[in-house]
*Asks:* 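Supplied in structure tokens, the structure appears directly below.
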Amino acid sequence: MEKFPRGKSAIVGAATFGMGEAHGYKAMDLVARSAHLALADANLKLSDVDGLFVCTGDDALSGLAAAEYLGIRPRFTDNNRTGGSAFFSHAINAAIMLEMGYIDTALICYGSNQRTGAGGLVSMRQASPYEKPYRPMNPLSSYALAAARHMYEFGTTETHLAEVAVAARAWANLNPDAFMFGKGELTIEDCISSRMVSDPLRKTDCCLITDGGAAIVMTRADRAKDLVKKPVYLLGGAAAVWHSNVDQMENLTVTPAAESGQRAFALSGYKPADMDVVNVYDAFSINTILFLEDLGFCPKGEGGNFVAGGAIAPGGSLPVNTNGGGLSCCHPGMYGLFTIIENCMQLRGEAGLRQVANANLAVSHGNGGTLSSEATLVLGTESTL
């Protein structure tokens, strides 16, 4: 029987740094700046950190580099590299280790300068020999396959995809930290007339390419109550890996989120319908539709209709990607940790104009590879324990 230390650990510090363009900063600089800010948010010091969890796109041994850069000697480091879902596995591991007393303070951090430094999407993978002859624009073309199949099987339309992008921009326009803040409204017509990149995905269906750093601090629940900020408790978490390359997917319309979500919700004691806020990894517009289906917010094949009519935008029936997501807030290579931080802001009541009223339960979902690795966390305030 699967067990999890439900509510026994909490996020007590959260911060981002350099979202958008961070000229002059390397990836590890962004890791460090975010880490310092998150620790300050928790009123803790670097010397308190004995568990270091980190994954960057430019250093396979970033656990070592981060410890050296920060000047700490942690008892344990975790450099799990499953892409954007890695940080969710870090949080799960940290929760278990905290409950066991193996560590006392966990720092989970990330940074990338892919916009100003690398100039393109970060990739840590070799091309599949089965895909390489077709010269795909991966990862984009892999997600285009999933979108095309979803359209074929379920009648999903370009307008449905556009609804996701329009909602993300509407949330970003309420978030001063978002890269697209102040860039104006995005309309369905804007999306459908935007440049085709990899059929059926257009420019507005694709995530931003930005810089950015992010970090969270976790500790045991009994200690969390004595710290400055309102704790955000980890109620349930699960991960699932089904494949590496998209050509090995059994069904292009069903992702490992169907497994990770079901397990995470079961461990938390809550259901999708109980969630006040949802933040999922929207590297592409089709992701949001796939994940809302697989996480159980609507039946398979109904994701297009579920997001229609502004349902996931501000004022809609379900607040989704409330910071603007990877489509309009930021996407520095691996976006997963930013979904967790946004939910922390919402549950602490610190989200400003985009604040969801009476938010007590939130789900964060991360994606790694090409719909390969999925991981889900259910987060809550003290009232949900």
Side-chain angles (χ1 to χ4, degrees), residues 5 7-19 25 27-56 62-80 86-111 177 212-235 237 336-351 362 364 377 379-382 385:
K8 296 297 180 65
S9 65
I11 300 170
V12 294
T16 62
F17 178 80
M19 292 197 306
Y25 288 90
M28 196 54 66
D29 299 327
L30 296 170
V31 169
R33 291 297 294 268
S34 301
H36 279 283
L37 290 170
L39 286 163
D41 188 53
N43 198 31
L44 293 172
K45 305 183 296 295
L46 270 173
S47 58
D48 293 312
V49 176
D50 52 9
L52 177 62
F53 301 78
V54 60
C55 171
T56 65
S62 54
L64 308 182
E68 178 181 85
Y69 193 113
L70 293 170
I72 59 176
R73 296 182 177 181
R75 298 178 189 174
F76 184 85
T77 60
D78 187 340
N79 195 197
N80 180 337
F87 313 98
F88 296 72
S89 296
H90 293 167
I92 293 167
N93 288 345
I96 294 169
M97 296 177 115
L98 287 164
E99 168 67 4
M100 292 175 60
Y102 195 84
I103 60 174
D104 294 318
T105 304
L107 173 64
I108 303 173
C109 44
Y110 173 70
D177 291 329
I216 61 173
V217 180
M218 292 178 63
T219 191
R220 280 183 289 279
D222 56 355
R223 185 187 184 198
K225 292 179 181 179
D226 297 328
L227 298 175
V228 176
K229 288 297 180 74
K230 179 181 176 181
V232 173
Y233 296 91
L234 180 49
L235 305 177
L337 191 50
F338 294 85
T339 72
I340 300 172
I341 291 173
E342 173 60 15
N343 277 336
C344 287
M345 300 295 289
Q346 290 287 346
L347 297 182
R348 297 195 318 195
E350 299 176 352
S364 289
L377 301 182
L379 304 170
T381 62
E382 187 174 8
L385 295 176

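Atoms considered below: every heavy atom in the structure, side chains included; atoms not considered: hydrogens, waters and symmetry mates. All values reported here derive from a predicted model rather than from experimental measurement.
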*Asks:* Keeping the roles fixed (side chain from Asn79, backbone from Val54), state whether a donor-acceptor pair exists under 3.5 Å.
*Replies:* yes
*Asks:* Keeping Asp50 on the side-chain end and Arg75 on the backbone end, is there a donor-acceptor pair under 3.5 Å?
*Replies:* no
*Asks:* Which word best sums up how the rings of Tyr102 and Phe76 line up, parallel for under 30°, tilted for 30 to 60°, or perpendicular for over 60°?
*Replies:* perpendicular
*Asks:* Does the side-chain contact (heavy atoms from CB on, under 4.5 Å) test come out yes or no for Ser364 and Ile341, once each step is laid out?
*Replies:* CA-CA 9 Å; Ser364 289; Ile341 291 173; over 6 Å; no
*Asks:* Assess whether side-chain contact (heavy atoms from CB on, under 4.5 Å) is satisfied between Phe87 and Cys55, documenting all intermediate values.
*Replies:* CA-CA 8 Å; Phe87 313 98; Cys55 171; 4.1 Å; yes
*Asks:* Kindly compute the distance separating CZ (Arg33) from OH (Tyr25), expressed to the nearest 0.5 Å.
*Replies:* 4.0 Å
*Asks:* Verify, without hydrogens or angle tests, whether Asn43 (side chain) and Leu227 (backbone) share a donor-acceptor contact under 3.5 angstrom.
*Replies:* no
*Asks:* Between Leu39 and Leu46, does a side-chain contact (heavy atoms from CB on, under 4.5 Å) hold up when you go through it step by step?
*Replies:* CA-CA 7 Å; Leu39 286 163; Leu46 270 173; 3.6 Å; yes
*Asks:* Working to the nearest 0.5 angstrom, can you tell me the gap between Ile96 CD1 and Glu99 CD?
*Replies:* 10.0 Å
*Asks:* side-chain contact (heavy atoms from CB on, under 4.5 Å) between Leu235 and Leu379: does it pass, once the steps are laid out?
*Replies:* CA-CA 6 Å; Leu235 305 177; Leu379 304 170; over 6 Å; no
*Asks:* Counting only heavy atoms not in Glu68, do more than 12 fall under 6.0 Å of its CD?
*Replies:* no
*Asks:* If we ignore hydrogens and angles and just use 3.5 Å, is the side chain of Lys230 paired with the main-chain N or O of Leu347 as donor and acceptor?
*Replies:* yes
*Asks:* I need the full list of salt bridge (Lys or Arg N to Asp or Glu O under 4.0 Å) pairs touching residues 336-346, with sequence neighbours left out, sorted by first then second residue.
*Replies:* Glu342-Arg354
*Asks:* Given the rule in the side-chain hydrogen bond (donor to acceptor under 3.5 Å, both in side chains) test, do Thr105 and Asp48 qualify, once you have shown the distances and angles that lead to the verdict?
*Replies:* CA-CA 6 Å; Thr105 304; Asp48 293 312; 5.5 Å; no
*Asks:* Name the orientation class of the two ring planes belonging to His90 and Phe53 (parallel below 30°, tilted from 30 to 60°, perpendicular beyond 60°).
*Replies:* tilted
*Asks:* Can you list everything that forms a ring pair (Phe, Tyr, Trp, His ring centres under 6.0 Å) with Phe88? Sequence neighbours excluded, please.
*Replies:* none
*Asks:* Looking at Ala215, is its backbone amide N or carbonyl O close enough to the side chain of Ser34 to form a donor-acceptor pair, meaning the two atoms are under 3.5 Å apart?
*Replies:* no
*Asks:* Could you tell me whether the side chain of Thr219 and the main chain of Asp104 form a donor-acceptor pair under 3.5 Å?
*Replies:* yes
